[in-house]
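What follows is a set of notes on a single structure, which appears directly below.
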Amino acid sequence: MMSSQKDFLLDYIAQKYDTQPEYLWANQPEFAVFRHRKNGKWFAIVMRVSGNLIGLADAAMVDIVNVKLLPEWVAHLSGQTGFAPAYHMNKTHWLTLRLDDSLQQDEIVRLLHESFLRTL
């Protein structure tokens with residue numbers, strides 16, 4: 001079952017950016033990539049991973065989104081609740097946001113939009 005944050009995010013991206021998810025990996029059918037229509041650059045990737053892969057003590061599965069931000073933002077936010085160094089991405093430019101209600105929707109939307117702008 002998807003988290004309400006994940007449902008919200010998928011709907012928000014479709015409406016705000018007129019972008020549909022791409023499911024690129026047969027072995028990871030839930031991993032959804034979102035990219036700009038004009039330049040093809042990724043601005044978000046939504047995944048479901050084991051919590052221990054993003055620094056949590058619990059190995060339970062958690063929905064996450066990776067966004068591209070300024071390196072200073074990534075460094076500042078990485079250790080805070082709800083954030084982690086980017087899972088499976090460049091940890092200088094990408095940040096993982098947990099979609100488990102540890103972050104407010106407005107903060108997720110703000111960082112998503114920053115990622116969208118940084119990848120234009």
Side-chain angles (χ1 to χ4, degrees):
M1 175 174 226
M2 285 199 296
S3 71
S4 60
Q5 289 279 35
K6 181 178 177 180
D7 290 336
F8 165 79
L9 188 62
L10 295 176
D11 290 342
Y12 180 85
I13 292 171
Q15 291 176 15
K16 172 78 175 174
Y17 303 110
D18 191 26
T19 301
Q20 295 302 311
E22 294 179 51
Y23 299 93
L24 304 177
W25 302 281
N27 64 333
Q28 299 292 354
E30 293 185 17
F31 285 21
V33 171
F34 295 90
R35 62 173 94 212
H36 290 276
R37 296 174 75 146
K38 290 187 179 178
N39 67 16
K41 290 183 181 178
W42 296 11
F43 64 89
I45 177 169
V46 176
M47 298 174 275
R48 184 168 182 79
V49 301
S50 174
N52 60 0
L53 294 176
I54 58 166
L56 299 177
D58 189 350
M61 299 301 280
V62 61
D63 292 315
I64 62 172
V65 60
N66 282 352
V67 293
K68 188 170 188 177
L69 302 171
L70 288 169
E72 306 85 68
W73 291 25
V74 172
H76 175 72
L77 294 171
S78 283
Q80 296 184 26
T81 301
F83 301 100
Y87 172 73
H88 218 293
M89 301 286 279
N90 180 306
K91 291 169 180 34
T92 300
H93 299 279
W94 290 83
L95 182 69
T96 290
L97 288 62
R98 293 193 339 238
L99 300 176
D100 62 357
D101 296 326
S102 58
L103 298 171
Q104 297 294 317
Q105 284 182 350
D106 61 342
E107 184 159 25
I108 294 169
V109 165
R110 181 177 65 83
L111 294 172
L112 173 73
H113 189 66
E114 182 64 26
S115 182
F116 184 85
L117 294 175
R118 292 207 50 76
T119 53
L120 280 174

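Values below: every heavy atom of this structure, side chains too, minus hydrogens, waters and symmetry copies.
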Please report the shortest heavy-atom distance between [X] and [Y], naming the atom on each side.
| X | Y | value |
| --- | --- | --- |
| Gln5 | Leu103 | NE2-O, 2.8 Å |
| Ser4 | Asp101 | OG-OD1, 4.0 Å |
| Leu24 | Arg35 | CD1-NH2, 3.9 Å |
| Ala59 | Asn52 | CB-ND2, 3.9 Å |
| Ala32 | Pro21 | CB-CB, 3.7 Å |
| Ala84 | Ile54 | CB-O, 3.4 Å |

Examine [X] and [Y] and state if one hydrophobic cluster contains both, with Ile, Leu, Val, Met, Phe, Trp and Tyr joined whenever side-chain heavy atoms are less than 4.5 Å apart.
| X | Y | result |
| --- | --- | --- |
| Phe83 | Phe8 | yes |
| Leu97 | Ile13 | yes |
| Phe116 | Val74 | yes |
| Trp94 | Leu70 | no |
| Val62 | Val46 | no |

How long is the straight-line distance from [atom2] of [Y] back to [atom1] of [X], given to the nearest 0.5 Å?
| X | Y | atom1 | atom2 | value |
| --- | --- | --- | --- | --- |
| Thr119 | His93 | OG1 | NE2 | 13.0 Å |
| His88 | Met47 | NE2 | CE | 8.5 Å |
| Thr19 | Leu10 | OG1 | CG | 12.0 Å |
| Asp7 | Leu99 | CG | CG | 10.0 Å |
| Leu117 | Phe43 | CG | CZ | 10.5 Å |
| Met89 | Leu95 | CE | CG | 11.5 Å |

Checklist entry - Would you find more than 12 non-hydrogen atoms of other residues, nucleotides or ligands less than 6.0 Å from Gln104 atom CD? => result no
Next on the checklist: One pair to check against side chain to side chain contact (heavy atoms under 4.5 Å, CB included): Glu114 and Val67. What are the steps and the verdict?
Outcome noted: CA-CA 8 Å; Glu114 182 64 26; Val67 293; over 6 Å; no
Item to check | Lys41 and Lys68, any side-chain heavy atoms less than 4.5 Å apart | outcome: no
Checklist entry - Considering only heavy atoms from C-beta outward, does the side chain of Glu30 approach that of Lys6 to under 4.5 Å? => result yes
Checklist entry - Is the distance between the ring centroids of Phe34 and Tyr17 under 6.0 Å? => result no
Next on the checklist: Quick one: does any side-chain atom of Ser115 pair with a main-chain N or O of Ala44 as donor and acceptor, under 3.5 Å?
Outcome noted: no
Item to check | Sidechain-backbone polar pair: Arg37 side chain, Asp18 backbone, donor-acceptor under 3.5 Å | outcome: yes
Next on the checklist: Under the criterion side chain to side chain contact (heavy atoms under 4.5 Å, CB included), I'd like the reasoning laid out for Lys16 against Val109: C-alpha separation, chi angles, the key distance, then a yes or no.
Outcome noted: CA-CA 10 Å; Lys16 172 78 175 174; Val109 165; over 6 Å; no
Item to check | Residue pair Ile108, Tyr12: steps toward the side chain to side chain contact (heavy atoms under 4.5 Å, CB included) verdict | outcome: CA-CA 11 Å; Ile108 294 169; Tyr12 180 85; over 6 Å; no
